[in-house]
Every structure is written in C-alpha cells, then in structure tokens.
A.B. asks: 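The structure is given below, and queries will be raised subsequently.
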2 protein chains.
Amino acid sequence: MDGEGRSIADDSVPSAAETPTLAHVARLAKVSENTVSRVIRNKGPIAPETRLRVNAAIDALGYVPNRAAGSLASSSSPIIGVILPSLSNIVFPEVLRGINAGLIGTSYRPMIGVTDYSLETEQDIISSLLAWHPAAIITTGFEHTTAARRMLEGSRVRIAELMDIDDRPIDLAVGLSHREAGRAMARHLVQRGYSRIGYVGHDWTADRRARLRYEGLCEGLSETGLSLVAEYRTEAPSSTLEGRRALASLLADGAAIDAAAFSNDDMAVGGFMHCMAAGMPVPDGLALMGFNGLEIGQVLPKPLTTVLSNRFAIGKTAIEALLETPQRPQEARIIDTGFSIIEGATA
Amino acid sequence: MDGEGRSIADDSVPSAAETPTLAHVARLAKVSENTVSRVIRNKGPIAPETRLRVNAAIDALGYVPNRAAGSLASSSSPIIGVILPSLSNIVFPEVLRGINAGLIGTSYRPMIGVTDYSLETEQDIISSLLAWHPAAIITTGFEHTTAARRMLEGSRVRIAELMDIDDRPIDLAVGLSHREAGRAMARHLVQRGYSRIGYVGHDWTADRRARLRYEGLCEGLSETGLSLVAEYRTEAPSSTLEGRRALASLLADGAAIDAAAFSNDDMAVGGFMHCMAAGMPVPDGLALMGFNGLEIGQVLPKPLTTVLSNRFAIGKTAIEALLETPQRPQEARIIDTGFSIIEGATA
DNA sequence: CTGTTAGCGCATTCAA
DNA sequence: TTGAATGCGCTAACAG
C-alpha cells in the first residue's frame, strides 16, 4: 500500500523513485496526454485555464519530458551536432561559444565530435550524429569524404559548413573569404611601406584555409608587382612555440625581410616572442602580421597587427540562420561574416 | 510499383528515401530483429555465421541504429552530459578535450552546456540533460543549488564533479587540491628567497578554486612566518588584459613587493606583459608566478614559473572512471590528479 | 479547443 | 543459440 484512500488503479501520482510521465501529468490535470503534450510544445490552440491546470500539474510533479521518447515519436530531436577539427586551437572553442550563445533560450543542445582534422573521423562522427536525427549538423570546411557528403546530402537534416566561404556549400556556409583575407594582408603590408615580405606558416595539409590565405597573400603581392622574398613552413600544426621556432629558422637562413606575414596569430605571437628574446625591434627591425585577432596578440607589449576573423559571430550566425528555417531550403546559402584589419603596432 | 517480381509485402529493402531499421536488416539476414539487436550490442551468444550474415546485411543497407529508439527502450542513452562554466577560459576546452579523448572508441558522445558560472543556469542544464537519461553527467565544483543537488542525487545517473577535491563529492570527484596548490606556491616563492610577496587576482565570487588557492597561499606564507604584503583583485573575470592592468595598479599603489603570485596564468602572462612594457626586469625587479601551466606562459621570452594543473588528465581520468563502473557506487570516490611546479624563469 | 487511435524503432522480458 | 511478444513515453494524424 503506498497510498491511503486511493484506489489501486490510481497512478496519477508517480510512486517514489518513479519518474513522472505525460500520463501522470495528464491524470493530475484531468486532461488527455495529448493536451499536455500540446501545452508543452506550445502547439495548437489551448484554453488558457487548461494551460494553467496543466502547468500546475507539471510543476507539482516536477515533470521533465523524456527526450528519447519525443525524438522517436517525431523522428527528429533538439540536438545540434557540432563537429570541430580540434579543441586545442582556441579558435574552435570560440566558434562553439558562438553556437552555444545562439542556442540560449532554446531547448536545443550541442552534441559534439572532434575530428582531429581527419576526414575519415569526420565521416564516422557524421554517421553517429545522424543516428540521433539531429535538427542540424554543423561542421567546418567543404572537404568531406564521398560517403560523408552522401550522408549529409541524403539526410533531411540541415547542414552548416563553417569558417570558409570560398566554395559551394551543401546547404549553408558561414564564414569569411580566406583568400580575400590573404589579399588584405598583402595590401596592408604594402601600404605600410614594406616590400621585402616573408611568410611564416604551419602545416596546411589539413588546414585548407591557411593555404587559401597564403594564396591570397601571394596574389595580393603580385598585384602590386611584388612577391614573397622568403618563406618557411613548419611541418607541425600551428602553435606559439612553432611560430617562435619558425621565425628563428627563417631568419637564421639569412632571409632579408622587413616584414613577416604569419599563417595565424598563434604563429605570429611566437614570432614576436622570438624577436623579444633576440633583441630584434618590432616593427622597425621586422614587422609582424598575424591572422585571427586573438586576445593574446592584443596584450603583447606592442599589440599585434592582424586580421579579425569573428569566430564567435560565425557560430552564432550559423545557429540563428539554421533555426530560422528548420527545413533545408532549395538554394544553398552563403553568409559572409567578413573580416577586418586590426591596426596594431607590429606592422 | 517499386519493384519487379517482388511481392507487395516484401520490404526487406527500404524504399528510396526511407532509412533502414532493424526490421529491414533482420529480413535481409533472415533472422529475427532480436538477433540483429544482439549482434549490434554484442550481447548474448551468437553463432559465428549468424553474426556474419547480420553484419553483411547491416553493411549492405548502411544501417545505423536509431539512438532515440534505443534510448527509449533501454531508458538510458550513450550520452555524457558535460557542464562547463565557460568556454572563454581555455582551461575548460582542455578538460573537454580530455573527456573527448576518453570517449574515443566508444559510442558515447558529449552533450554540452555552459553555465557562465551561474548555479541557476547549471540547474536548468542539469534538468535538460537528465531528460536524455544520459550515462553520466560531468560538472565542475561542489557548489550546486539545492534543487540541482537533489536532481543529481536522485537520478541513477553517474555524476562526476571536476577540478576540485577539497570537498565531499556526490559520486566522483576528479581534480586537485587547490588549497595545497596555493601552499605549494607559497613554499616555492619563499624557497627562492622572496619575502615581500604580493597577490594579483581576479573576481572569485564565481571561482571558488581561485579563492582556495589564495587561502592556501596565505596559509603557506604564514607557516614560514610571512604574510602577503600587498594584494589587488580586479572585479572582472581573469584575462591577460586584466592581469596586465591589475599588476600595473598594484605597483602604481606603491606596493613594495619582490614577487607577485597571480590567481592564474592568464593574469600572470598579463603581468609579464606589463613588466616588459614598463621596463621592469623579471625576475630580478619582480618575480612572477602563475597557476595552470598554459602553453602561452611557456613561450614568453622567459618561461613562466607556474603550477601545472593537468586539465586534460582530469577530463580523461573522469571519463575512464565513469565508464569503468556504469552503476553509481555506494561510496563516493575522489581521484587526485595532482599538480606540479613548473620551474620557469620568472620566479 | 480537446480526445482517440496508432505507431516511432528498439531492448527486454520470457519461451523454445 | 534464437524467436515472439510486449512496452518504453511520446507525437501525429484524425475525429469530434
């Protein structure tokens, strides 16, 4: 006996350790389960007092809808699959931060996967995310395995490809033109009067965008009749440490440059550290320019001249565009979140 | 007509845009759905050839189990709820990286929530994560609202509380003693011969661990007959910029210190930048010590003396301990991932 | 505006 | 070693 005066069949109140279900709420509110469901999802017309009764019952029981059941019944779930190349590079947590910001106030939640820059890993993650029938999948770049592309295109799930807009998206692309950013770097350095420009980069086999910036840089220079006078690429992923080493190597090779364009801010900050340690004045001895606009670059004794890439905005904008249109549209869309030069003191 | 020579009832092959289900696989492999389910979950005895047939059918159809259905039926899901205070502070993405590393090779996926250091937000996130009946929930610290604590304790879900071990966990705690880390900082500075020690910190109303380190620092000093000779706390969250400002303010107030202990590395790196910009020699004019062991501190012209906090290990260890024991054990457990002094060149 | 009727796709009893 | 039956908790038609 777990109740007094209640008939055996009365399970309007869930017993002790039992979690309440729609049925419990429905009974307590004296309506059908369906009505409770409608109230919760804010769907269809509900009489104000009915809504009140239902909400009271929900509160009384501390009812929390079972998402698995909801997803199964509706064959769709309030999950946003988020695929990131890496968590080591601060850039991607910042994108995730934007995604999260765009999700506040909704009942969607990000479910994440990290590819480590492997397209095969991305494919596995896509498959396992699709198993949840998510509302959307957000990934980076336009490169996917054939199987991955087929899965993405074949699903009715909305797809966003972030960071880059220099190619044709499956559904939605949000980011900036890295090629244009590279050209802008070239123009800036030339305008500032530098003419012997070197490039310091990291391994770009997995980082297509770094390569696009490099190409833009070269194009931008050649438009003014210049070209790179020296370049050095490490075989490691980008990091401050690598940047420091790479600039040191480039200079040790005797490169006669007056400015160094780096593949990104991590590398550039490392370069700055090398200059400090080596007693090389910046920018008079050597000008430095990065890409991304990370906080750390702006706290250097001389703020780094760089290109702001708006990572947060990329994530937030993507989510907003995705949630605005739950169905995948006929036409793919591209949203350019742009970039801007941060005029620091190093170039 | 969508097939030739096939009877109307033959749906062993899902039609065009239809995603295959267990039933499709079962029919193709000529076994019951049940058997397919067993093969997939590796449960119960299966005849080798049956397994082969089933796997072949799975591959042929490109079958991917519907997670919502599985979760509903088993009332548990391969989700790890991960609650982080922030994504702006690199420390938490690193913990997430550890969690992700511990999840590789499993079918669990992290579903994340960000509290922005608000306990009320944490409570909401806990409730919405519990709606998925996750395998575990990982959060930080021991402070939760009463309702949140009730939910966590009441659920049969495994709970890990990360970062800190200076209190009693609900189920599992993984981290380090921040109080001890503070004492270690004090001991290190004193051993190095510094005696006029100042403290530079950030807002700790939401960051209990920074406060614990501060208390440990004070205790450690007093054990050697010393005490802080100056301190400055900004009202902002920690950042390099704030660290730079804070040290500048402390020194502008005329503090006569020979060493500054910072609340963390972000603040300490900012302090280093101030010294560089102000022409103050480190460590001879002023010694600096941080906490965390971030990469950026190690790339400064002089590597930062700091305390390594093993964020990656915290995340990875937590996952491993959680997955090892799916049921919540009777006794709560504490795993100390420890810390170690990084003997840099700034103190 | 509300209730009734059917599943969603799988895991979990039980039998065989 | 395998199969048949049952239901997880909810949403989605359709009536009324």
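Computed over heavy atoms, backbone and side chain alike; hydrogens, waters and symmetry mates excluded. First the proteins, then the strands, lettered A, B, ... as listed; each starts at 1.
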A.B. asks: Taking only residues two or more places apart in sequence or in another chain, which ones pass side chain to side chain donor-acceptor pair (under 3.5 Å) with A:S127?
C.D. replies: none
A.B. asks: Tell me the side chain to side chain donor-acceptor pair (under 3.5 Å) pairs involving residues 320-329 of chain A, sequence neighbours left out?
C.D. replies: A:K316-A:E320
A.B. asks: Taking OP1 and OP2 of D:dT2, is either one under 4.0 Å from a side-chain nitrogen or oxygen of B:T50?
C.D. replies: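 So the side chain of B:T50 is within the cut-off, an N or O lying under 4.0 Å from OP1 or OP2 of D:dT2.
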A.B. asks: Just to verify, what does B:N89 make a side chain to side chain donor-acceptor pair (under 3.5 Å) with, not counting sequence neighbours?
C.D. replies: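 Expected list: none.
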A.B. asks: If the helix axis at each end comes from five base pairs, how far does the helix from C:dC1-D:dG16 to C:dA16-D:dT1 deviate from straight, to 10°?
C.D. replies: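 Axis angle across the helix from C:dC1-D:dG16 to C:dA16-D:dT1, nearest 10°: 20°.
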A.B. asks: Taking the side chain as every heavy atom from C-beta outward, state whether B:I319 and B:I138 have any pair of such atoms under 4.5 Å apart.
C.D. replies: yes
A.B. asks: Given side chains that start at C-beta, do those of A:T121 and A:I125 come closer than 4.5 Å, heavy atoms only?
C.D. replies: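 In contact.
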A.B. asks: Report the residue (A:S32 or A:S75) whose heavy-atom-nearest nucleotide on DNA chain C is the more 5′ of the two.
C.D. replies: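 In this pair, the answer is A:S32.
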A.B. asks: Within the structure shown, what part of the strands sits under 4.0 Å from A:T35 by heavy-atom distance: base, sugar-phosphate, or nothing?
C.D. replies: sugar-phosphate
A.B. asks: Under the salt bridge (charged side-chain N to carboxylate O under 4.0 Å, His left out) rule, collect the residues that match up with B:R158, sequence neighbours excluded.
C.D. replies: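 For B:R158, the residues satisfying salt bridge (charged side-chain N to carboxylate O under 4.0 Å, His left out) (neighbours in sequence not counted) are B:D171.
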A.B. asks: Could you tabulate the donor-acceptor pairs under 3.5 Å formed by side-chain atoms of residues 39-47 of chain B, not counting sequence neighbours?
C.D. replies:
from  : atom 1 : to    : atom 2 : distance (Å)
B:R41 : NE     : B:S37 : O      : 3.3
B:R41 : NE     : B:S37 : OG     : 3.1
B:R41 : NH2    : B:S37 : OG     : 2.9

A.B. asks: Using the test side chain to side chain donor-acceptor pair (under 3.5 Å), find all partners of A:R97 that sit at least two apart in sequence or belong to another chain.
C.D. replies: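 Partners of A:R97 by the side chain to side chain donor-acceptor pair (under 3.5 Å) criterion come out as none, since no residue qualifies.
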A.B. asks: How does protein reach along nucleotides 11-16 of chain D, written 5' to 3' as B (base within reach of a heavy atom under 4.0 Å), S (only sugar-phosphate), or - (no contact)?
C.D. replies: BBB---
A.B. asks: How many angstroms lie between CD1 in B:I80 and CD1 in B:I112, if you round to the nearest 0.5 Å?
C.D. replies: 14.0 Å
A.B. asks: Would you mind writing out the side-chain donor-acceptor pairs for residues 54-70 of chain A within the sub-3.5 Å range, not counting sequence neighbours?
C.D. replies:
from  : atom 1 : to    : atom 2 : distance (Å)
A:N55 : ND2    : A:R51 : O      : 3.3
A:N66 : OD1    : A:A68 : N      : 2.8
A:N66 : OD1    : A:A69 : N      : 3.1

A.B. asks: Just the endpoints, please: which first and last nucleotides of DNA chain C, 5' to 3', lie under 4.0 Å from a heavy atom of chain A?
C.D. replies: C:dC1 to C:dG9
A.B. asks: Can you tell if the side chain of B:F92 reaches within under 4.5 Å of the side chain of B:P85, non-hydrogen atoms only?
C.D. replies: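 In contact.
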A.B. asks: Enumerate the residues from residues 126-133 of chain B whose closest heavy atom to DNA chain D is under 4.0 Å, giving them by residue number; use none for an empty result.
C.D. replies: none
A.B. asks: Is any side-chain heavy atom of B:Q123 less than 4.5 Å from a side-chain heavy atom of B:M151?
C.D. replies: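 The answer is yes; the side chains approach within 4.5 Å.
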A.B. asks: In whole Å, what is the span from the CG atom of B:L72 to the C1' atom of D:dC8?
C.D. replies: 4 Å
A.B. asks: B:N66 has an atom CG; how far is it from atom C1' of D:dC8, in whole Å?
C.D. replies: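 Those two atoms, CG and C1', are 13 Å apart.
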A.B. asks: Show every side chain to side chain donor-acceptor pair (under 3.5 Å) that has at least one partner inside residues 105-115 of chain A, sequence neighbours left out.
C.D. replies: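 Applying side chain to side chain donor-acceptor pair (under 3.5 Å) to every pair that reaches into residues 105-115 of chain A, excluding sequence neighbours, yields A:R109-B:S128.
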